Asker: 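Next up is a structure, given as C-alpha cells.
All of these numbers come straight from a predicted model, not from anything done at the bench.
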Amino acid sequence: MCGVIPAAVRWGNEWLLAPLSGGGVPLFTNVAQAAGLSRFHDICGSPKKDYLVETVGSGVAIFDYDGDGLADILLISGSRFDLPVHPRLSPFASRLFHNNGDGTFSDVTDKSGLVNTGWGMGAAVADYDNDGRPDVYITNYGRNALFHNNGDGTFSDVTEAAGVGGGNWSTGCAWGDFDGDGRLDLYVARYVDFDRRRIPPPGAGGFCRYLGVPVACGPRGLPGLRDLLYHNEGNGKFREVAWDAGVRDSGAYGFSVVWCDFDNDGRPDIYVANDSMPNYLWHNVGGRFEEIGLEAGCALSGDGQAQASMGIALGDYDNDGWLDLFVTNFSEDYSTLYRNRGGQFEDVTFAAGLGVGNNRLLKWGAAFLDTGNSGWKDIFAADGHIYPQAVQAGNSYRQPNQLYRNLRNGRFELARSAESGFTEWRSSRGAAVGDLENRGALSIVVNNIDDEPFLYRRASPPAGHWLELRLIGARCNRDAIGARVRVTAGGLTQTDCVSSGGSYLSCHDIRLHFGLGRAAVAETVEIRWPDNTVETRRGLPGDREHVIRQGEGI
C-alpha cells in the first residue's frame, strides 16, 4: 500500500488510524518537495533487498554547520553493490542541505566537502575539538568518516589522522565525555560481521524467513561485531579503548546509541538498542563502565523477552525529573516505554496505553517532542517494514508514521492520521527533530528508504509559549553535551539533557526546547553543567532562544 490513505484503515482486526471527529487542521504538513529536499533519495541496494545491509536504511542529522543561526539538514544515503567506480559526488552520496531561511534548502554537498563516499548508515554531530564549530561523524558499511569543520562552510575528511575509521558494518554513533576531561569521546555501535560471499540466499536458512516468506537472512545466525569506544586524546587524535574501559560487548547486533546520565550521579551513561538481543546500559562508574541493563530493567521487555530493538527516544515524558526511554522494535511486537524510577526502569508500555494495537508496524526513528508547547512531551515514531516481501505475509512494506499524544496522566493515545498529518505511507527509517525556522515550532525530518524524505512542518503555530536554550561550555566540552537542565514555568518543572545520538542512526537539533504553555516567562532555569557545577537563571522571557555561556550568563 502506498500514496495518500484515508483517515481510517482497517488492518486485520485493528483500526490503525481512526477518523478525526469534528474535522480540523492537521498538526503537520509534509513540505519536503516545496523545501527542495525531494531530489534526495536514500538508495539502499536493489529493490528486492536480498541482503540485510540493503534493508536497514539510514539516518538524518539537524545542525547549524555554518553558524548562521539556522539549522541545516544532513541526509545519509546508502549505496548499491553494483555501483561502478563513481565520481567524487556519487548520485548515491549523502547530502547536506543549507537552510536558506525562507522555508527552502539548497544542496551544498559538493562545495562543502562533506562528501561521504561509503555506504552510509548514521551520523552524530558535535564539536569534538572545542573550536566552536560542529563536526560530523558518519558510520558506514565499510570505512567510517570523520569530517572536521573548517569554519568557512567547508569540511575536511580527517578520519585517518584521527584514527576513527572503524570498519566492517557500523551503525549508530554518539558523542559524550565519559571521563570528564572536557573532550568529547565517541561510541560506535556495530551490527553484523557481513561478508556477502558467505551469506545464504533469501529463504535458505532458519533465519531467512518472515512468517514463512523467504527474505534476506539475519541478523540471527550471523556473527555480530563488538562496539567501539574512542577516547579523545586531544590534538585531533582518538584511541579505541572499549575493552579497557569496561565496554566488553560480546558482539550483539547494535543499532542505536544515546548518552545520558540516567541515575543522576553526575556521570554520563550509554544506552544501546540491540537487534534481537538484550539492550545494553553501560553505567559509568567513574571513567569506566559496567553493563547493568538487566539489573536496571531496560534490557528486556517486561515479560523478560529480548526484543528486536531499532531506535531510541530519550525524554522525561511524565515530568518527574528522570529521563525515560521509548525503544522501537520489530513488527509483531510492541515498542517499549521504560519509565525511569530513580535509575531503575520499569516497562510501563501497556499501562501507558502503548502496548495494544499497531503491533504489525515496524518502528525505527523516534523522539519525545512537545508538539503543542504545552510542557508535556508526545512521542513520534517512524514506521516501515524491513522486507518488501512483507505484503506476501499479510503485512505492508510501506507503513504510516505515528504521533502519540501525551495525556498528562502517564498515558498516551494515538493521534488520528487526519490530525497528525502523517497520511503518506513510506518505509521510513531515521528521524530527527529540530526548530528549523526559529519560531518555536518543532519540525521532523524523516529519511525514507529508496524514496524522498519527509519534512513535517507545523501547519499552524503551537498554542503555547516556548523557550529554547543553546548552552556553551567553558570548563567542559563546548557543546555542553551531558548538561542537565530544569525549567520551571507556570507551576510545571521540566527536565532535559543535552545529549548526542538517539532516534535511529540520527542526531537531533542540539538546542533544548521547552514548551511553557500559558506562561510567558520561565521562572527558573537550573543548569547542571557536565563538570557538575550548577548555575541558575531567573525570569527568562519565553518565545525566544537564549544562548547561555558557562560562568558568563546569557
Side-chain angles (χ1 to χ4, degrees), residues 53 58-59 61 63 65 74 76-79 83 85-90 92-96 108-179 181 183-191 193-195 225-245 247 249 254 257 477-479 500-501 505 507:
V53 72
S58 311
F63 67 109
Y65 82 93
L74 174 65
I76 305 300
S77 179
S79 189
L83 185 66
V85 176
H86 51 75
R88 181 170 181 272
L89 187 58
S90 160
F92 307 119
S94 303
R95 301 277 170 163
L96 177 63
V108 296
T109 311
D110 197 18
K111 67 180 182 180
S112 75
L114 187 56
V115 179
N116 181 51
T117 57
W119 188 311
M121 290 288 159
V125 179
D127 180 6
Y128 74 84
D129 56 355
N130 293 327
D131 65 355
R133 302 185 292 265
D135 310 297
V136 181
Y137 188 77
I138 297 179
T139 55
N140 289 299
Y141 166 54
R143 170 188 176 272
N144 302 328
L146 176 62
F147 294 92
H148 179 260
N149 192 324
N150 299 320
D152 58 0
T154 69
F155 293 82
S156 296
D157 187 334
V158 297
T159 311
E160 297 305 320
V164 290
N168 205 307
W169 187 354
S170 301
T171 48
C173 54
W175 299 93
D177 180 6
F178 75 88
D179 57 355
D181 64 0
R183 299 188 298 265
L184 289 172
D185 311 301
L186 178 65
Y187 190 102
V188 179
R190 296 198 295 174
Y191 195 51
D193 183 2
F194 188 86
D195 184 343
L225 290 168
R226 290 191 304 106
D227 294 349
L228 305 173
L229 177 63
Y230 291 105
H231 179 261
N232 190 335
E233 304 282 288
N235 299 316
K237 307 290 185 181
F238 291 79
R239 179 168 56 95
E240 207 286 308
V241 298
W243 198 259
D244 292 339
V247 180
D249 174 19
V257 183
N477 70 86
R478 196 177 189 281
D479 282 338
S500 174
L505 314 186
C507 187

Asker: Any side-chain to backbone donor/acceptor pair from Ser77 onto Ser94? Under 3.5 Å, distance only.
Answerer: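 Between the backbone of Ser94 and the side chain of Ser77 there is no qualifying donor-acceptor contact (under 3.5 Å).
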Asker: Apply side-chain hydrogen bond (donor to acceptor under 3.5 Å, both in side chains) to Asn144 and Tyr137, showing your working.
Answerer: CA-CA 8 Å; Asn144 302 328; Tyr137 188 77; 3.1 Å; yes
Asker: Kindly write out the residues that satisfy salt bridge (Lys or Arg N to Asp or Glu O under 4.0 Å) with Asp157, not counting sequence neighbours, or none if the list is empty.
Answerer: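 Once residues adjacent in sequence are excluded, the partners of Asp157 under the salt bridge (Lys or Arg N to Asp or Glu O under 4.0 Å) criterion are Arg143.
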Asker: Looking only at atom types and distance, does a side-chain atom of Thr154 sit under 3.5 Å from a main-chain N or O of Asn150, one as donor and one as acceptor?
Answerer: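 Not confirmed, Thr154 side chain does not pair with Asn150 backbone.
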Asker: For Tyr187 and Asp227, does a side-chain donor sit closer than 3.5 Å to a side-chain acceptor?
Answerer: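 Distance-only check passes for Tyr187 and Asp227.
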Asker: Can you tell if the side chain of His231 reaches within under 4.5 Å of the side chain of Glu240, non-hydrogen atoms only?
Answerer: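 Side-chain contact under 4.5 Å: no.
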Asker: So, Lys237 side chain and Gly163 main chain: donor-acceptor pair closer than 3.5 Å or not?
Answerer: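 No, Lys237 side chain to Gly163 backbone: no donor-acceptor pair under 3.5 Å.
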Asker: So how far is it from Trp169 CH2 to Phe194 CZ, rounded to the nearest 0.5 Å?
Answerer: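 Those atoms lie 6.0 Å apart.
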Asker: Determine whether Asp129 and Asp135 make a side-chain contact, defined as any pair of heavy atoms from C-beta on separated by less than 4.5 Å.
Answerer: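 In contact.
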Asker: Exactly one of Leu228, Asp185, Leu229, Leu146 should register a side chain to side chain contact (heavy atoms under 4.5 Å, CB included) with Phe238. Which one does?
Answerer: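 One option only clears the test, and that one is Leu146.
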Asker: Asn116 vs Asn140, test: side-chain hydrogen bond (donor to acceptor under 3.5 Å, both in side chains). Steps then yes/no.
Answerer: CA-CA 9 Å; Asn116 181 51; Asn140 289 299; 2.8 Å; yes
Asker: Do any N or O atoms from the side chain of Thr139 and from the backbone of Met121 form a donor-acceptor pair under 3.5 angstrom?
Answerer: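 Not a single qualifying donor-acceptor pair exists.
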Asker: Is the backbone N or O of Trp175 less than 3.5 Å from a side-chain atom of Ser500, with the two atoms forming a donor-acceptor pair by type?
Answerer: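 Flag set: sc Ser500 to bb Trp175 pair under 3.5 Å.
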Asker: Around atom CG of Asp152, are there more than 12 heavy atoms from other residues, nucleotides or ligands closer than 6.0 Å?
Answerer: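 For Asp152, atom CG is crowded (more than 12 foreign heavy atoms under 6.0 Å).
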Asker: Would you say that Trp243 contacts Val241 through its side chain, given a criterion of any heavy-atom pair below 4.5 Å between the two side chains?
Answerer: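 In short, these two side chains do not touch, never coming nearer than 4.5 Å.
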Asker: Counting only N and O atoms by type, is there a donor-acceptor contact under 3.5 Å from the side chain of Asn149 to the main-chain atoms of Tyr65?
Answerer: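 Answer holds: yes.
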Asker: Would you say the side chain of Asp193 lies within less than 4.5 Å of the side chain of Asn168, judging by non-hydrogen atoms?
Answerer: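 A side-chain contact exists here, since the closest heavy-atom pair is under 4.5 Å.
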Asker: Using a 3.5 Å distance criterion without hydrogens, assess whether the side chain of Asn232 forms a donor-acceptor pair with backbone atoms of Leu184.
Answerer: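 Yes; at least one donor-acceptor contact below 3.5 Å.
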Asker: Please check if the side chain of Ser112 supplies one atom and the backbone of Leu114 the other of a donor-acceptor pair under 3.5 Å.
Answerer: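 Pair found, side chain donor or acceptor close to backbone of Leu114.
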Asker: Drop me the distance from Leu225's CG to Arg190's CZ, to the nearest 0.5 angstrom.
Answerer: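 One gets 4.5 Å once the value is rounded to the nearest 0.5 Å.
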Asker: State, with a plain yes or no, whether a side-chain heavy atom of Phe63 is found less than 4.5 Å away from one of Leu96.
Answerer: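 Yes, at least one pair of side-chain atoms sits under 4.5 Å.
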Asker: For side-chain contact (heavy atoms from CB on, under 4.5 Å), just list the numbers for His148 and Arg133, CA-CA rounded to whole Å, side-chain angles, deciding distance to a tenth of an Å, and then say yes or no.
Answerer: CA-CA 9 Å; His148 179 260; Arg133 302 185 292 265; 4.2 Å; yes
Asker: Are any of the side-chain heavy atoms of Ile76 and Leu505 separated by less than 4.5 Å?
Answerer: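 Sidechains of Leu505 and Ile76: no contact.
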Asker: With a 3.5 Å distance limit and no angle check, can you tell me whether Asp479 reaches the backbone of Asp127 through a side-chain donor-acceptor pair?
Answerer: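 Such a contact is found between Asp479 side chain and Asp127 backbone.
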Asker: Could you walk me through whether Leu186 and Tyr128 pass side-chain contact (heavy atoms from CB on, under 4.5 Å), step by step?
Answerer: CA-CA 9 Å; Leu186 178 65; Tyr128 74 84; over 6 Å; no
